[in-house]
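These numbers were taken from a predicted model, which means no experiment stands behind them.
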Amino acid sequence: MLQWLKNTIVNVFALRRPKPIDLLLSILLAAIVGTGASFLLNFLVDRFPSKPPVGLKNLSEMIASGNGLVLVSFILAVCVIAPIIEEVIFRGILWRLIEKLISTNVAWIATSFMFAAAHGDILHIIAVFPLGILFGYLRKKTNNIWAPMIAHAANNLLASLTLIF
C-alpha cells in the first residue's frame with residue numbers, strides 16, 4: 001500500500017530524481033530566457049506606460065521601504081515557495097491531467113498559457129509566457145518537475161536581485 005502511494009505521488013507530481021546536468025541546464029536556460037523576458041517586460045512597459053504591472057510596482061515599493069526581515073521573507077516567498085507551489089500545480093497536477101486526457105504537447109502549451117495567465121496583467125502575461133514554454137520544455141525533456149522548479153527559482157532569484165539592487 002505504501003509503495004503504491006509513493007508511486008502515485010511520484011507519477012502525479014512528476015517527482016522523479018533529476019540528473020545534475022538537467023538541473024545545471026535548467027539554471028542556465030532560466031538565466032537566458034528570464035533575461036529576455038525582463039527585457040521584453042521593460043520594453044512593453046516603456047511602450048504602454050498606461051498599463052504598468054501593478055504587482056511589480058508594489059513589490060519595488062515594498063522592497064525599497066523594507067528592512068532585512070522583509071527582504072528575507074520576500075526572497076523566501078518568491079524564490080522558494082512560489083516556484084514549488086506553481087510548478088506542482090502547472091507542471092505537476094495540470095500537466096498530468098491534460099497529458100492523460102489529450103497529449104504531452106498539448107499539456108506543454110496549455111500549462112504554459114495557464115502559467116502566464118496566472119500572472120495577472122497583460123504585459124506580465126506576455127513577458128512570462130516564454131518562461132512557461134521553457135518550464136514546460138524542461139518538464140517534457142526530464143519527465144520531472146525538479147528541473148522546471150529549479151529554473152523557476154533561479155529566474156525568480158535573478159529577477160528579485162534586480163529589484164533589490
Side-chain angles (χ1 to χ4, degrees), residues 8-19 22-42 44-45 53-60 62-63 70-164:
T8 300
I9 290 171
V10 165
N11 288 331
V12 169
F13 296 108
L15 292 170
R16 292 164 197 85
R17 178 170 288 175
K19 297 175 189 167
D22 290 337
L23 299 181
L24 183 61
L25 178 66
S26 299
I27 293 168
L28 180 63
L29 289 174
I32 293 167
V33 175
T35 300
S38 291
F39 282 125
L40 177 58
L41 181 60
N42 290 334
L44 292 171
V45 168
V54 176
L56 289 180
K57 182 181 177 198
N58 292 342
L59 279 176
S60 295
M62 180 187 78
I63 290 169
V70 169
L71 291 177
V72 169
S73 299
F74 169 76
I75 293 292
L76 182 64
V78 171
C79 301
V80 178
I81 296 169
I84 291 171
I85 292 171
E86 290 179 4
E87 293 310 315
V88 165
I89 292 169
F90 293 107
R91 258 61 68 181
I93 298 167
L94 292 173
W95 182 288
R96 176 84 169 158
L97 177 67
I98 296 166
E99 183 179 50
K100 287 287 183 193
L101 293 174
I102 305 171
S103 75
T104 300
N105 287 333
V106 171
W108 180 6
I109 299 302
T111 58
S112 297
F113 276 116
M114 289 186 274
F115 172 75
H119 285 80
D121 60 86
I122 188 67
L123 299 184
H124 213 152
I125 290 168
I126 293 167
V128 169
F129 181 70
L131 287 163
I133 293 291
L134 170 64
F135 301 155
Y137 167 77
L138 294 169
R139 166 64 169 89
K140 182 178 177 183
K141 179 185 180 303
T142 65
N143 197 29
N144 72 64
I145 62 168
W146 290 111
M149 202 179 288
I150 294 297
H152 193 154
N155 173 73
N156 286 9
L157 179 61
L158 290 173
S160 297
L161 291 175
T162 62
L163 287 175
I164 293 169

key: Between CD1 on residue Ile93 and CG on residue Leu97, distance to nearest 0.5 Å   = 9.5 Å

task = Considering non-hydrogen atoms only, spot the tightest contact between Ile125 and Ala116 and give its length.
result = CG1-O, 3.2 Å

Could you give the side-chain donor-acceptor pairs of residues 146-153 under 3.5 Å, partners two or more places apart or in another chain?
residue, atom, partner, partner atom, Å
His152, ND1, Glu87, OE2, 2.7
His152, NE2, Glu86, OE1, 3.1

message = Tell me if the centroids of the rings in Phe115 and Phe135 come within less than 6.0 Å of each other.
response = yes

request  = Report yes if the side chains of Leu76 and Ile81 come closer than 4.5 Å at any heavy-atom pair, otherwise no.
outcome  = yes

request  = Calculate, to the nearest 0.5 Å, the distance between atoms CG and CG belonging to Leu29 and Leu24 respectively.
outcome  = 9.5 Å

message = Tell me if a side-chain donor or acceptor on Arg139 pairs with a main-chain N or O of Arg91 at a distance below 3.5 Å.
response = yes

inquiry  = Would you say OH of Tyr137 has more than 12 non-hydrogen atoms from neighbouring residues, nucleotides or ligands within 6.0 angstrom?
reply    = no

message = Can you tell me how far apart CD1 (Ile109) and OG (Ser103) are? Round to the nearest 0.5 Å.
response = 9.5 Å

key: Atom pair CD/OG1 of Glu99 and Thr111 - distance to nearest 0.5 Å   = 10.0 Å

note = Closest non-hydrogen atoms of Gly34 and Asn155, given as atom of the first, atom of the second and distance, are CA-OD1, 3.1 Å

Residues Val80, Ile84; criterion side-chain contact (heavy atoms from CB on, under 4.5 Å); working and verdict = CA-CA 6 Å; Val80 178; Ile84 291 171; 4.0 Å; yes

request  = Could you pull out the closest heavy-atom pair between Ala154 and Ala30, with the gap in Å?
outcome  = CB-CB, 4.3 Å

task = Answer yes or no: is there a side-chain heavy-atom contact under 4.5 Å between Lys140 and Asn105?
result = yes

ask   = Which atoms form the tightest heavy-atom contact between Leu40 and Ile126, and what is the distance?
value = CD2-O, 3.9 Å

task = Taking all non-hydrogen atoms of both residues into account, name the closest pair between Ala110 and Ile98 and its distance.
result = CB-CD1, 3.8 Å

Close side-chain approach of Pro130 and Val33, heavy atoms under 4.5 Å = yes

Separation of Thr104 OG1 from Ile102 CD1 (nearest 0.5 Å) = 11.0 Å

message = Given 3.5 Å as the limit, does a donor-acceptor pair link the side chain of Trp95 with the main chain of Trp108, or not?
response = no

Distance, nearest 0.5 Å, that separates OG of Ser112 from CZ of Phe90 = 10.0 Å

message = I want to check something: taking the side chain as every heavy atom from C-beta on, are Leu134 and Leu138 in contact at a cut-off of under 4.5 Å?
response = yes

